[in-house]
Structures are given as C-alpha cells and as structure tokens.
Amino acid sequence: MTNKAFKRTFVAVLSNNMDISKNIKRIREAKGLSQKEVISAIDMGAAQYSRIENGKTDPSVSTLMKIAKALGVSMAELFTNKEVLQDINSVDTTLMERVALIDTLTKEEQKTIFSILDAFISKRKLKSTLKNVLQDID
C-alpha cells in the first residue's frame, strides 16, 4: 500500500468511526463561521466542501489540516466528539485548546499547573491591593 493510499484509508476509517463531518460542521457553526468563509480560507470548491461536511466524501489529511487551521482548532479536535465548542468563538480558541490539553495531563501535572495559576492570581491580587493602599496614602 502506498503512503497516499494509507493516508486515505486511515482518514476514511477515522472519519467513519468519529463522524468527522458532523464535528467539522458543529465546530464551524459554534464559531459562527459560514461555509463560504471556511471555503475561502482553505481555497476549495463549495461543492467539495459541502460533500465533506455532509459526510459524502472523506477528506485527505492535508485537507483536514487546512480545515482545522481555518476553524482555529487542532486536528485532534476535529476527531473529538465533544459538544464543548458550542459557545466558543475564535477569540477563545487558543485558551480552550490549552484547557483541553490540561485534561490530558496526569493528576500530579494538573496540580502543578493549578498551583502555578494560583500563584499568579495571588500575585496579581497582592499587586492590586498594594496599589490601592498606596493610592489611598497619597
């Protein structure tokens, strides 16, 4: 089997098992993007894109990469069957990607991340309090 044939088979299997077409459509709609906007970003014909979103054709890996980039998500999110993105706009994407990655960490790694976040938040609160005290003194 050639590399190209393997990629097509791999994507076809994943697409069938993960229902990637529904995920693409769900993510696009959650971000408030029209098909036309995505099509323009990935330089694809409207009919071809429509077939992908309707599950009538399996996209290639390179097409999936373009679609993921246009939607502002990772490739993994195209295969994830979560409804988490329903209310997320493109401004929140990088934050949500990072939050999703935290879920993949071990409990110990998560605890470390949360401790670091708590330290930054405490520092910010302290700075704000000190600033207010200094302003009250003047």
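Ile39 places none of its side-chain heavy atoms less than 4.5 Å from the side chain of Gln48. In this structure, Lys123 and Leu126 have side chains that are not in contact, with every pair of non-hydrogen atoms separated by 4.5 Å or more. By the 4.5 Å heavy-atom criterion applied to side chains, Glu77 and Asn23 are not counted as neighbours. At a threshold of 4.5 Å between non-hydrogen side-chain atoms, the residues Lys127 and Lys131 do not count as touching. Put simply, the side chain of Glu37 reaches to within 4.5 Å of the side chain of Ser34, judged on heavy atoms.
One distance of note links CG of Leu71 with CG of Leu78; it measures 6.5 Å at 0.5 Å rounding. Atom OH of residue Tyr49 and atom CG of residue Asp43 lie 14.0 Å apart, to the nearest 0.5 angstrom. Rounding to the nearest 0.5 Å places CG of Leu33 at 11.0 Å from CD of Gln35. Note: Leu117 CG to Ser122 OG = 10.5 Å, rounded to the nearest 0.5 Å. To the nearest 0.5 angstrom, Arg124 atom CZ is 9.5 Å from Ile121 atom CD1. Here the OG1-CD distance, from Thr112 to Gln110, works out to 10.0 Å after rounding to the nearest 0.5 Å.
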Passes side chain to side chain contact (heavy atoms under 4.5 Å, CB included), Leu64 versus Ile20? Steps please. CA-CA 10 Å; Leu64 286 174; Ile20 193 167; 3.4 Å; yes
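Pairing each heavy atom of Lys31 with each of Val73, the nearest pair is CE-CG1, 3.7 Å. Considering all non-hydrogen atoms of both residues, Thr63 and Ser60 come closest at OG1-OG, 2.9 Å.
With Ser50 contributing its side chain and Ala46 its backbone, the two residues share no donor-acceptor pair below 3.5 Å. Without hydrogens or angle criteria, Glu29 side chain to Arg26 main chain gives no donor-acceptor distance under 3.5 Å.
Open room surrounds CE on Met65; 12 or fewer heavy atoms of other groups in view lie less than 6.0 Å from it.
Look at Glu53 and Arg28 and you find a salt bridge, because one of the NZ, NE, NH1 or NH2 atoms lies within 4.0 Å of a carboxylate O, short of that distance.
Counting only N and O atoms by type, the side chains of Arg51 and Asn54 include no donor and acceptor under 3.5 Å apart.
Screening Val38, Ile24, Asp58 for a side-chain contact (heavy atoms from CB on, under 4.5 Å) with Ile52, the sole residue that qualifies is Ile24.
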